[in-house]
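First the proteins, then the strands, lettered A, B, ... as listed; each starts at 1. Treat the numbers as computed from the prediction; the structure is a model and nothing was measured.
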Number of protein chains: 2
Amino acid sequence: MRTAEQTADGEGAPWGEVEPEAARRLLVAAVEAFAERGYHATTTRDIAGRAGMSPAALYIHYKTKEELLHRISRIGHDKALEILTAAADGEGTAAERLSEAVRTFVLWHAAQHTTARVVQYELDSLAPEHRTEIVELRRRSDAAVRRILGDGVRDGEFDVPDVPGTTLAVLSLCIDVARWFNAAGRRTPDEVGALYAGLVLRMVSAREPREPREPVGPGDSPDPKAQGADGPQQ
Amino acid sequence: MRTAEQTADGEGAPWGEVEPEAARRLLVAAVEAFAERGYHATTTRDIAGRAGMSPAALYIHYKTKEELLHRISRIGHDKALEILTAAADGEGTAAERLSEAVRTFVLWHAAQHTTARVVQYELDSLAPEHRTEIVELRRRSDAAVRRILGDGVRDGEFDVPDVPGTTLAVLSLCIDVARWFNAAGRRTPDEVGALYAGLVLRMVSAREPREPREPVGPGDSPDPKAQGADGPQQ
DNA sequence: GCTTGCTCTAAGCGCTTGCTCAGCTCGGGG
DNA sequence: CCCCGAGCTGAGCAAGCGCTTAGAGCAAGC
């Protein structure tokens, strides 16, 4: 299967699927406002103003302000999960797949840091039922990375005593890029992706390649129940 | 005069220095509320209620709601800087100092994750003049970690092609613990500290100890101007 | 006993919030 | 020509916001 390199990164038209055009303009305006000020500090008047409309126009396309956040969060988490599962299901060694997962995931968080900031840091502003829906997507992202690490340990490529804990650390490292990345800064999204892929590989690689293990040690086995939601609460 | 608790970890009485007692109760209530709901979603009525007072009582001890956040952020950043500079100024090899820095910094973010969440993720809610004051403290934290990495590279202990970028990654990894750490989870703060110290050491350690370098390469030299604010904006 | 100063409360002010609704505009079908 | 539904606006409502004010309670000083 050919990898869609051009569209797998964070560029392109992220909100092209949102129709009609007025609804898309409002969504893009909401992403910018939420990223700049945070969900609770953003007013519906601000969102409508950025989209060049009156406050009332917002409610023709969205029932509430929270529905806007939910739509943004859903689309963003779908994209994140797609990036990680594509890398996990790809070809090559565990090291190659992990490197690709971190590189593309970080690339998206840097290039789309405005969107990613809303997606990753406004989970608590969602209504409870929407929050549980999103948390399930995050659980599957976690599982994709944990699978790569588990494969690498099994094949002797990686030396990782605590697979769930290291999975959490790798994802945490990538996600936090959205917080500090600055488009006007010295690094391009591609450079950060390459830097982080290298750092993570060194973090998990076995110093010298060994024989694959036959029995998977209980302390190392990927445990589906090991991680619950990785959000701030619960 | 008795000095404050000399606990290097995050336990102890974090707000013991705040006087009088009613002001401390309000501050602790504000920390809990800000951590749970975020600054903008928290009302002054909620803070006062948690402290067992009427809303007006808040304004006897603090001029505004933002002053509460500023006080919390200032005390927390002072503590964070103290932890990192203590480790950077400590004795031992660069590896030992880096390990101690990460271990204690992560320990604080996990044990005091309620406070740390407010300190690390509510920077943008500060008034501009308070924000610049806090950003300066963060710059000094960054410098402390960068110094350890630079020493390690100089002495041949570490192999780090991009010192400023790796400094940013290490700090980012530690800080994000405050976001996901859950007191009811499987890991204790000490366990997370130990895990992360090991991961970071592997991330930077030279595979085999080399001779120290005589001239510091230009690409690796710690550059004071290299990092600006590491906050979300600017 | 009275004043003074400090802490705190009850009540509420002025304003902004998320959201609503009657009505305007306008392209397309009869 | 009128009508129609879709998209949008101006005006505004009820609720909740940060913060203020007048005054009560009470310990300390004289």
### Query
Can you tell me if the side-chain N/O atoms of A/Tyr59 get under 4.0 Å from OP1 or OP2 in C/dT20?
no
#### Entry: Pairs involving residues 54-64 of chain A, ordered by first then second residue, that meet side-chain hydrogen bond (donor to acceptor under 3.5 Å, both in side chains) (sequence neighbours left out)
none
### Message
What is the distance, to the nearest angstrom, from the NZ atom on B/Lys65 to the C1' atom on D/dC19?
### Response
12 Å
### Of all pairs that satisfy ring-ring contact (aromatic ring centres under 6.0 Å, His included), the ones with a partner from residues 64-89 of chain B, not counting sequence neighbours
B/His70-B/His130
### Task
Any chance you could list the contact pattern along nucleotides 8-16 of chain C? Use B for base contacts, S for sugar-phosphate-only contacts and - for none, protein heavy atoms under 4.0 Å, 5' to 3'.
BBB-B----
#### Entry: Row check, B/Phe34 ring normal vs B/Lys65 NZ/CZ: under 6.0 Å, within 45°
no
### Task
Please list, chain by chain and in numerical order, all residues satisfying salt bridge (charged side-chain N to carboxylate O under 4.0 Å, His left out) with A/Glu133, sequence neighbours excluded.
A/Arg74
### Query
Picking from A/Arg140, A/Arg138, A/Arg146, A/Arg139, what satisfies side-chain hydrogen bond (donor to acceptor under 3.5 Å, both in side chains) with A/Asp142?
A/Arg146
### Query
Can you name the salt bridge (charged side-chain N to carboxylate O under 4.0 Å, His left out) partners of A/Glu67, sequence neighbours left out?
A/Arg71
## Note on the structure
Annotated structure of DNA chain D as dot-bracket, pair cut-off 3.5 Å, Watson-Crick or G-U only, | for inter-strand, is ||||||||||||||||||||||||||||||
### Task
Give the rounded distance in Å between these two atoms: NZ of A/Lys63 and P of C/dT20.
11 Å
### Task
Look at the side-chain N and O atoms of A/Thr44 and state whether any lies under 4.0 Å from the OP1 or OP2 oxygen of C/dG18.
yes
### Separation of atom CG in A/Leu26 from atom C1' in D/dC8, rounded to whole Å
11 Å
